[in-house]
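Read through the structure below, which is laid out as structure tokens, and then see the notes.
Here is the naming used below: chain letters follow the sequence lines, and residue numbers restart at 1 for every chain. As a basis for the values below, the full set of heavy atoms in this structure was taken, side chains included, without hydrogen atoms, waters or symmetry mates.
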Amino acid sequence: MAYSDKVIDHAENPRNVGTLDKEDPSVGTGLVGAPACGDVMRLQIKVSNDGVIEDAKFKTFGCGSAIASSSLATEWIKGKKVEEAEAIKNVDIVNELNLPPVKIHCSVLAEDAIKSAIADYRAKQLPSAAEPQIDE
Amino acid sequence: MDPFAVIGAPRRFDLDLSALEKTHRELARALHPDKFAHASTSERRIALEKAATVNEAWRIVRDPIRRAEALFGIGGIAVGHTREPQASSAFLMDVLEQREALAQARKDRDMVKVRALGEHFEARAKAAEEKLTQGFALAFAGRESAPDRGALETVLPVLGELRFYRRFIDEVSAIIEEEEVS
């Protein structure tokens with residue numbers, strides 16, 4: 001399949017690959033997978049006290065488009081407010097990377113990963129999250 | 001196209017693939033262009049189309065994932081992106097951690113670890129295939145043409161699990177090949 005230059009660039013030189021401490025209360029971890037193809041993606045954000053995403057890391061096991069989508073997603077959300085990051089839509093990723101129709105699900109996965117990381121971060125900000133958890 | 005009908009297989013997940021391979025070979029031989037050397041143009045074209053159908057049916061039936069997809073399709077259950085249930089986060093976490101362990105083993109060129117991870121996922125894939133066998137048997141029991149939707153939906157997440165396992169196993173094979181070449 002013909003990948004666009006931007007997909008190849010992100011897939012060969014992915015930005016922000018890595019891990020943040022998932023126990024850190026300022027870190028939100030999003031974990032998503034695509035049962036239809038077997039791709040898995042983890043996207044993490046570190047949020048400052050004033051609600052700005054100061055760092056983002058990802059790890060994706062999947063095709064070039066899935067890696068490029070998540071790499072681009074981390075690049076975009078860094079420096080954004082959580083609410084701004086939340087507004088990113090998969091079509092923005094499709095347009096930027098020129099993804100063909102059969103690879104649109106990769107951008108959906110990246111959008112889900114951002115939302116899932118934000119949801120995890122917010123859950124940690126709730127007062128009860130500071131209490132020790134007994135249940136797994 | 002119903003690949004099971006084309007290849008003469010029953011609608012079930014566990015199949016005698018070596019017997020079906022023989023059936024496929026016989027069908028393909030009967031449709032071989034050599035047999036139609038003296039036939040009319042339209043007969044030749046029909047034979048060619050039939051041969052393509054038979055080959056495609058065999059490719060579907062012999063592959064566990066495509067076979068399962070075909071059985072879900074017969075039952076009217078849509079498969080593919082956005083149509084299948086999302087895997088649990090505990091499952092995804094486990095798969096991701098094991099993928100990281102595999103990537104590390106590849107970096108360390110620790111082939112013992114690579115093979116052990118491969119065997120672990122082969123076993124999990126086998127268990128998933130057994131679950132599919134039971135699920136489809138239940139769904140198709142006594143109603144081959146109209147399987148039970150509820151029973152099919154119950155077993156649908158297992159297809160997704162199997163795809164995650166398959167991706168892992170493919171990656172193990174790629175690492176082993178890479179190691180043998182170097």
Path from A/Val52 to A/Ile118 over hydrophobic side-chain contacts below 4.5 Å:
no
Answer yes if A/Leu43 and A/Val108 sit in the same cluster of Ile, Leu, Val, Met, Phe, Trp and Tyr residues linked by side chain heavy atoms under 4.5 Å apart, and no otherwise.
yes
Cluster question for you: counting only ILVMFWY and a side-chain heavy-atom cut-off of under 4.5 Å, with indirect links fine, are A/Val47 and A/Ile77 together?
yes
Should B/Ile60 and B/Val54 be regarded as members of a common hydrophobic cluster, given that ILVMFWY residues are connected when their side-chain heavy atoms come within less than 4.5 Å of each other, either directly or indirectly?
yes
Among residues 143-165 of chain B, which residues come closer than 4.5 Å to chain A, judged by heavy atom distances?
B/Gly160, B/Arg163, B/Phe164
Does any backbone or side-chain atom of A/Asp39 lie under 4.5 Å from a heavy atom of chain B? Answer side chain, backbone, both or neither.
both
Sort B/Glu69 into side chain, backbone, both or neither according to what part of it lies under 4.5 angstrom from a heavy atom of chain A.
neither
Should A/Ile93 and A/Val7 be counted in the same cluster of Ile, Leu, Val, Met, Phe, Trp and Tyr side chains packed under 4.5 Å apart?
yes
At their closest point, which heavy atom of A/Val32 faces which heavy atom of B/Leu92, and how far apart are they?
C-CD1, 3.7 Å
Heavy-atom closest pair, residues A/Pro35 and B/Pro85:
CG-O, 3.2 Å
Is the number of heavy atoms from other residues, nucleotides or ligands under 6.0 Å of A/Asn49 CG greater than 12?
no
If you draw a 6.0 Å radius around NZ in A/Lys78, do more than 12 non-hydrogen atoms from other residues or ligands fall strictly inside?
yes
Determine whether more than 12 heavy atoms belonging to other residues, nucleotides or ligands lie under 6.0 Å from atom NZ of A/Lys80.
yes
Roughly how far apart are B/Arg167 CZ and A/Cys63 SG, rounded to 0.5 Å?
7.0 Å
Is it true that atom NZ of A/Lys115 has more than 12 heavy atoms of other residues, nucleotides or ligands lying nearer than 6.0 Å?
yes
Would you mind reporting whether B/Arg99 and A/Arg42 have side-chain heavy atoms less than 4.5 Å apart?
no
Max heavy-atom pair count under 4.5 Å with chain A, selected residue of B/Met93, B/Arg83, B/Glu84, B/Glu100:
B/Glu100
